[in-house]
Amino acid sequence: MQVISNILSLTHNNNLTKHEQLVQGVIESIEDGKLAVGDQLPSINIMVEEIGYARKTIFKAYEELKNRGLIESRQLKGYFVISQATNITKRMALLLFAFQSYQEEFYKTFRKEMGKRFQIDVFFHHNNLSVFETIITNINGKYGMYIIAPIQNQKVAQLLQHIEPKKLLLVDRYLNLGKSYSYISQEFENVIYKSLVQLLPDIKKYSKIILYFNEESDFSPVSIKNAFERFLEEYSVNGEVKNHYVIGSAVKGNLYFALGDTILWHILRDSVRKKLKIGEDIGILSQNDNVSKEIVFGGITTISTDFYEMAKLAARHIKNENTTQVIMPSRLIKRASL
């Protein structure tokens, strides 16, 4: 095969290691048009026989080509070319809940930090277990790195353990996959509880506090609901959890805790229509900060982690190829809405 000839021509180049000769030989074959998408590479056994290098060396070279997204391995069939983008250092899959404002901030920062030589393909699972499973099944083995915001579910944990630890980084939500896996995650229950306790004097200005919690629509972990209910009980606060917000139902004297931005904007719009002054007639508390929440109505009080910093840490982890296990701090940002 022509690819073997290309590799053999590089074996006399003392500036390249054996590993680099193998990788470069395949890349040049793709760039020269001698290997096209769908073409099969020589098996490891054939490469050992023709080139004379150790199986371990050839396997390592094929793994690098897989990490760059140039080839994939198909069970019992061998290695096949899947891309001609030879300028890419590494091809990565980024799997998020949805393209909400805070996750958009994470993506844009991560994209900027990684630079142009890293290809990032974005997928969304919308907190749907069957969608998550389908995506993982379809992308596993085709990328050099997987950055995943997981659903906190045991089945998801089992799925993700089929990905090599060094190729997987969990972000946003924590999932225990073992000591060898990396994560940059938030902690929810204690942060929410402590923030509510800190806001107790402000909360007591209102007759009732209502949390809108819906795992399917706002992708929030149940630990937030647990923290809220614990706070109500321990501090004898009048409040309740509702599954959804009914448009037009904003009432003077209530404090609304909106986890999803869609509900937040509905409440704000209803407040304007009913001429309710935010921070006086009604209170607003939200999760996950962004620029718009800093500005509108004199500012919306939020409980949030720093997604900009999370993205920078994720990029640093991939570039340094180390193990990272970080729980990101969250903070209460008090503004005029309370």
Side-chain angles (χ1 to χ4, degrees), residues 1-32 34-94 114-121 136 138-148 160-169 177-182 314-324:
M1 292 181 69
Q2 187 62 50
V3 64
I4 292 177
S5 298
N6 278 8
I7 294 169
L8 288 171
S9 69
L10 293 170
T11 57
H12 304 294
N13 188 337
N14 295 327
N15 293 323
L16 297 175
T17 65
K18 292 178 179 180
H19 169 82
E20 290 168 338
Q21 291 166 7
L22 292 161
V23 171
Q24 190 60 34
V26 174
I27 287 175
E28 288 182 3
S29 298
I30 293 173
E31 290 177 337
D32 294 344
K34 294 163 185 171
L35 278 177
V37 172
D39 286 350
Q40 184 173 6
L41 291 173
S43 69
I44 290 178
N45 287 338
I46 290 175
M47 292 287 274
V48 169
E49 185 178 335
E50 296 291 333
I51 309 292
Y53 292 166
R55 292 179 60 84
K56 182 171 68 174
T57 304
I58 296 165
F59 178 78
K60 183 180 176 183
Y62 277 7
E63 282 298 296
E64 178 173 335
L65 292 164
K66 283 174 62 179
N67 289 344
R68 293 191 184 199
L70 294 173
I71 69 171
E72 70 175 358
S73 57
R74 299 175 187 170
Q75 193 171 11
L76 303 178
K77 291 184 179 180
Y79 294 88
F80 294 82
V81 178
I82 59 171
S83 173
Q84 293 175 306
T86 55
N87 63 322
I88 299 299
T89 301
K90 184 170 286 189
R91 188 171 176 233
M92 298 181 288
L94 175 61
M114 292 308 305
K116 295 180 179 179
R117 288 184 63 81
F118 291 83
Q119 178 181 325
I120 305 170
D121 293 342
I136 292 297
N138 289 339
I139 68 176
N140 194 10
K142 296 182 179 179
Y143 290 87
M145 191 70 196
Y146 301 84
I147 305 94
I148 295 175
L160 294 180
Q161 284 172 329
H162 291 292
I163 300 175
E164 293 179 55
K166 67 179 181 180
K167 292 185 178 182
L168 176 62
L169 172 65
L177 299 183
K179 294 180 179 179
S180 56
Y181 285 88
S182 292
R316 196 177 307 150
H317 164 84
I318 292 166
K319 289 179 179 179
N320 293 340
E321 297 185 345
N322 53 10
T323 300
T324 303

* Structure fact -> Scanning both residues in full, the closest heavy-atom pair of T323 with S182 reads CA-OG, 3.4 Å

* Structure fact -> Taken in chain and number order and not counting sequence neighbours, the residues that satisfy side-chain hydrogen bond (donor to acceptor under 3.5 Å, both in side chains) with T324 are H317, N322

* Structure fact -> Separation between OG1 (T86) and CG (L35), nearest 0.5 Å, reads 11.5 Å

* Asked: Can you name the salt bridge (Lys or Arg N to Asp or Glu O under 4.0 Å) partners of D39, sequence neighbours left out?
  -> none

* List the atom of G69, the atom of S83, and the distance in Å for their closest heavy-atom pair. => O-CB, 3.2 Å

* Between P165 and S180, what is the shortest heavy-atom contact and its length? -> CB-O, 3.5 Å

* To do: For D32, enumerate each residue passing the side chain to side chain contact (heavy atoms under 4.5 Å, CB included) test, keeping only those at least two apart in sequence or located in another chain.
  => N6, E28, K34

* **Side-chain heavy-atom pair L65, I27 within 4.5 angstrom cut-off** => yes

* Do other residues, nucleotides or ligands put more than 12 heavy atoms under 6.0 Å from K319 NZ? -> yes

* Rounded to the nearest 0.5 Å, how far does CD1 of I82 lie from CG of L70? -> 7.5 Å

* Would you sort out whether Q161 and Y181 count as a side chain to side chain contact (heavy atoms under 4.5 Å, CB included), showing the intermediate values? => CA-CA 9 Å; Q161 284 172 329; Y181 285 88; 4.0 Å; yes

Acceptor/donor pairs from residues 53-62 side chains to any protein atom, 3.5 angstrom cut, sequence neighbours excluded:
residue, atom, partner, partner atom, Å
Y53, OH, Q21, OE1, 2.5
R55, NH1, N45, OD1, 2.3
Y62, OH, P42, O, 2.7

* **Option from I136, L169, I139 for which side-chain contact (heavy atoms from CB on, under 4.5 Å) with I148 holds** => I136

* To do: Find the distance between CE (M92) and CD1 (I318) and round it off to the nearest 0.5 Å.
  => 5.0 Å

* To do: Output the distance between atom OG1 (T11) and atom CG (L16), rounded to the nearest 0.5 Å.
  => 10.5 Å

* Atom CZ in R91, atom CE in M145: separation rounded to 0.5 Å? -> 15.0 Å

* Mind checking what makes side chain to side chain contact (heavy atoms under 4.5 Å, CB included) contact with T17, not counting sequence neighbours? -> H19, E20

* Structure fact -> Interatomic distance, CG@D121 vs OH@Y146, rounded to 0.5 Å, equals 10.5 Å

* Among all residues two or more places apart in sequence or in another chain, which pass the side chain to side chain contact (heavy atoms under 4.5 Å, CB included) test with Q40? -> F80

* Asked: What salt bridge (charged side-chain N to carboxylate O under 4.0 Å, His left out) pairs are there with at least one residue in residues 66-86, not counting sequence neighbours?
  -> E63-K66, E64-R68, E72-R74

* Asked: salt bridge (charged side-chain N to carboxylate O under 4.0 Å, His left out): which pairs involve residues 41-52, sequence neighbours left out?
  -> none

